[in-house]
Every structure is written in C-alpha cells, then in structure tokens.
Amino acid sequence: MRRFEFAVDRGHAKAVNETIADVRRLRMAAIVLAVVLGAATAVLISLDHPWSYILSVVFAIGAATSLWVAIWAPRRVGSIEKLYAEGPLVAAVVSETRSDGLTLLALVDVGLPDAAGARYAFVTRSVRSLPGHNATPGERVPSVSVLADRTVLPTGDTWQQVRPMPIAWGTRDGEVIARAIAAIDDAEWQLLADNLSVSEKVRRAENNHLLVNPKDLPPELR
C-alpha cells in the first residue's frame with residue numbers, strides 16, 4: 001500500500017476539503033433531526049393517550065439514533081491528518097467538467113485487507129472546487145483513497161464506500177502536489193488518460209465504482 005507524507009495545512013483543509021464539509025453537514029442534519037424528534041416526543045407524551053405513548057417511543061428512538069449519528073460521524077471519519085496519513089496514495093484525473101463543479105476519475109485498489117490480491121476499480125467523485133489544479137479533462141490530481149463500509153461487518157471482498165480525496169485539499173504547496181504526482185507510476189496515469197470516456201458509466205454505477213478487468217490492467221498492476 002503506497003503512502004504519501006506531507007504536512008497538512010489545517011486552515012486550508014477546513015476551508016476547502018469537501019470530505020470535512022460532508023461530515024459537518026451530516027452532523028448538523030443529525031442534530032437538527034434529533035431536536036425535532038425530541039420535541040415531537042415531548043408533545044406526544046403531553047397528550048397523555050395510549051397511542052401517543054406508542055408513537056413517542058418510536059420518535060424517541062429516532063431522536064436517540066440521530067444523536068448517535070451526530071456523535072459517531074466525526075469519530076468514524078477521524079481527523080484530516082489521519083485520513084491523509086492512512087489513506088493510500090492514488091491517481092485521479094479530472095474527467096468531466098460542469099457549471100457547478102467537476103468529476104474526478106480515480107484508479108483505486110478497493111480490495112479489503114484480507115482479499116487475495118488487488119482489486120482495482122475506476123472510482124468517480126463529484127467535487128465543487130479543486131484549488132491548485134486546472135479544471136480541464138486529463139488534469140492529474142493526486143489523491144488519497146478514503147475507504148469505509150456502511151456496516152460493521154463487511155460483506156464481500158471489496159470496500160463499499162470509496163472516495164478519492166485530493167492532496168490539494170490538504171495543502172496549498174504546489175511542490176507537495178508535484179511530488180505526489182511523481183510518486184505515482186506513469187502506467188496508472190496513462191490508464192486513466194486512456195479511459196476518460198468511462199467516467200459517466202462509473203458515475204452511474206453502484207457506489208460510484210466499477211471493477212477493472214485484470215486483463216485491461218497494465219503489466220505493472222497485474
């Protein structure tokens with residue numbers, strides 16, 4: 001597993017890193033829902049009817065679940081430094097541009113740690129901004145892959161959630177980004193450049209990733 005070390009600029013990351021923003025939005029939504037469901041629970045209890053007590057239990061469970069998500073989400077993701085330190089360095093390129101952002105196409109080993117051999121897949125991620133890079137198809141965007149499962153016990157032999165997180169979301173230093181680009185094999189960059197046209201298909205696939213046929217991989221990755 002290829003790692004890449006650099007000093008994360010926390011101020012920059014908090015301002016532009018969309019992984020942090022996604023967790024923040026999830027946490028705020030969960031808190032708001034917990035408050036609403038808690039208030040509804042109190043109202044139902046005050047009605048003092050058998051049916052209202054039954055409903056209040058359901059609403060109370062919902063409030064507790066939402067509160068748990070608000071607490072769990074940041075801990076599940078961990079610190080931004082930890083994500084960059086532990087995430088494998090992967091190749092990603094700009095594959096599509098839109099008026100409200102762009103799409104990244106990445107090549108990621110999505111196999112679980114105990115899987116027999118690598119399981120490479122094309123992975124897409126829609127982003128709103130990409131400081132430090134040109135928003136043109138083919139632009140090289142070194143990233144780390146953030147890997148997770150939706151369930152406590154994984155199913156199958158691949159990760160369920162795979163999201164490339166650009167190095168540029170963690171630093172303003174162009175030399176760091178250039179060093180990350182150089183640390184990735186040319187064969188990986190070329191494979192992505194040759195497959196920009198599959199971006200839309202991958203974006204529409206389940207979990208936004210599509211396994212690559214081993215026969216289509218360059219010899220360096222087989």
Side-chain angles (χ1 to χ4, degrees), residues 1-6 12-13 16-19 22 83-84 86-112 115 117-148 158-222:
M1 184 178 294
R2 183 175 52 204
R3 310 280 191 188
F4 182 74
E5 295 183 2
F6 70 100
H12 175 68
V16 305
N17 195 305
E18 294 178 22
T19 299
D22 289 344
L83 288 177
Y84 277 118
E86 296 185 354
L89 178 66
V90 299
V93 297
V94 174
S95 56
E96 300 175 70
T97 59
R98 308 180 307 277
S99 60
D100 61 343
L102 45 87
T103 300
L104 298 179
L105 176 69
L107 179 67
V108 181
D109 177 5
V110 298
L112 292 172
R119 299 292 304 277
Y120 284 101
F122 289 128
V123 179
T124 57
R125 179 172 186 173
S126 296
V127 301
R128 292 180 292 278
S129 64
L130 198 59
H133 290 283
N134 295 318
T136 55
E139 172 76 1
R140 295 181 175 184
V141 185
S143 305
V144 298
S145 58
V146 180
L147 308 168
T158 61
W159 293 100
Q160 294 173 333
Q161 293 181 311
V162 185
R163 307 197 80 187
M165 186 172 70
I167 298 293
W169 284 355
T171 181
R172 298 182 177 90
D173 192 337
E175 292 185 3
V176 172
I177 296 172
R179 183 161 57 88
I181 291 174
I184 298 170
D185 293 339
D186 289 338
E188 296 174 52
W189 292 120
Q190 190 60 52
L191 182 63
L192 289 173
D194 292 341
N195 286 277
L196 290 179
S197 60
V198 307
S199 179
E200 182 177 358
K201 181 179 180 180
V202 178
R203 182 162 45 82
R204 298 179 184 279
E206 184 179 3
N207 297 325
N208 299 118
H209 69 257
L210 190 66
L211 289 173
V212 180
N213 189 323
K215 295 180 180 179
D216 296 330
L217 291 170
E220 296 88 337
L221 299 177
R222 293 177 187 168

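- Considering only heavy atoms from C-beta on, L217 comes within 4.5 Å of L191 through its side chain.
- Between Y120 and V110 there is no side-chain heavy-atom pair separated by less than 4.5 Å.
- For the residue pair L107 and L192, the shortest heavy atom distance occurs at N-CD2, 3.8 Å.
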Item to check | Residue pair D186, Q190: steps toward the side chain to side chain donor-acceptor pair (under 3.5 Å) verdict | outcome: CA-CA 6 Å; D186 289 338; Q190 190 60 52; over 6 Å; no
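- Nearest heavy-atom pair, R119 versus D109, reported as atom, atom and distance to 0.1 Å: N-OD1, 2.9 Å.
- Going from atom CD1 of I181 over to atom CD1 of I167 covers 10.0 Å, rounded to the nearest 0.5 Å.
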Residues 171-180, side-chain donor-acceptor partners within the protein, below 3.5 Å, at least two apart:
residue: T171; atom: OG1; partner: D173; partner atom: N; Å: 3.0
residue: R172; atom: NH1; partner: D9; partner atom: OD2; Å: 2.5
residue: D173; atom: OD1; partner: E175; partner atom: N; Å: 2.9
residue: R179; atom: NH2; partner: E5; partner atom: O; Å: 3.3

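- Residues P131 and H12 are in side-chain contact: their nearest non-hydrogen atoms beyond the backbone lie under 4.5 Å apart.
- In plain terms, the two heavy atoms of W159 and H209 that are nearest each other are O-CE1, 3.6 Å.
- Here the shortest heavy-atom pairing between R2 and A183 reads CD-O, 3.6 Å.
- Looking at L83 and M165, their side chains come closer than 4.5 Å, going by heavy atoms from C-beta outward.
- Residues that satisfy the side-chain hydrogen bond (donor to acceptor under 3.5 Å, both in side chains) test with S145, not counting sequence neighbours, are absent from this structure.
- One distance of note links CD of E18 with CG of L130; it measures 8.5 Å at 0.5 Å rounding.
- The side-chain heavy atoms of V94 and L104, taken from C-beta on, include a pair separated by under 4.5 Å.
- Few gaps surround CG on D216; more than 12 heavy atoms of other groups in view lie less than 6.0 Å from it.
- Considering all non-hydrogen atoms of both residues, N195 and L105 come closest at O-CD2, 3.5 Å.
- The shortest side-chain heavy-atom distance between Y84 and N17 falls under the 4.5 Å cut-off.
- Separation of atoms CZ (R204) and OG (S199) is listed at 10.5 Å; rounding is to 0.5 Å.
- Taking 4.5 Å as the limit, some side-chain heavy atom of T103 sits within range of a side-chain heavy atom of R98.
- Of the charged side-chain nitrogens involved, at least one lies within less than 4.0 Å of a carboxylate oxygen, so that R203 and E96 count as a salt-bridged pair.
- Atom CZ of R163 is separated from atom CG of N207 by 11.0 Å, given to the nearest 0.5 angstrom.
- To the nearest 0.5 Å, atom OG1 of residue T97 and atom CG of residue N134 are 12.0 Å apart.
- A pairwise comparison of heavy atoms in A92 and A106 identifies CB-CB, 3.7 Å as the closest pair.
- Judged as a side-chain hydrogen bond (donor to acceptor under 3.5 Å, both in side chains), and not counting sequence neighbours, T124 has no contacts.
- Under the 4.5 Å side-chain criterion, counting only non-hydrogen atoms from C-beta, I184 is in contact with W189.
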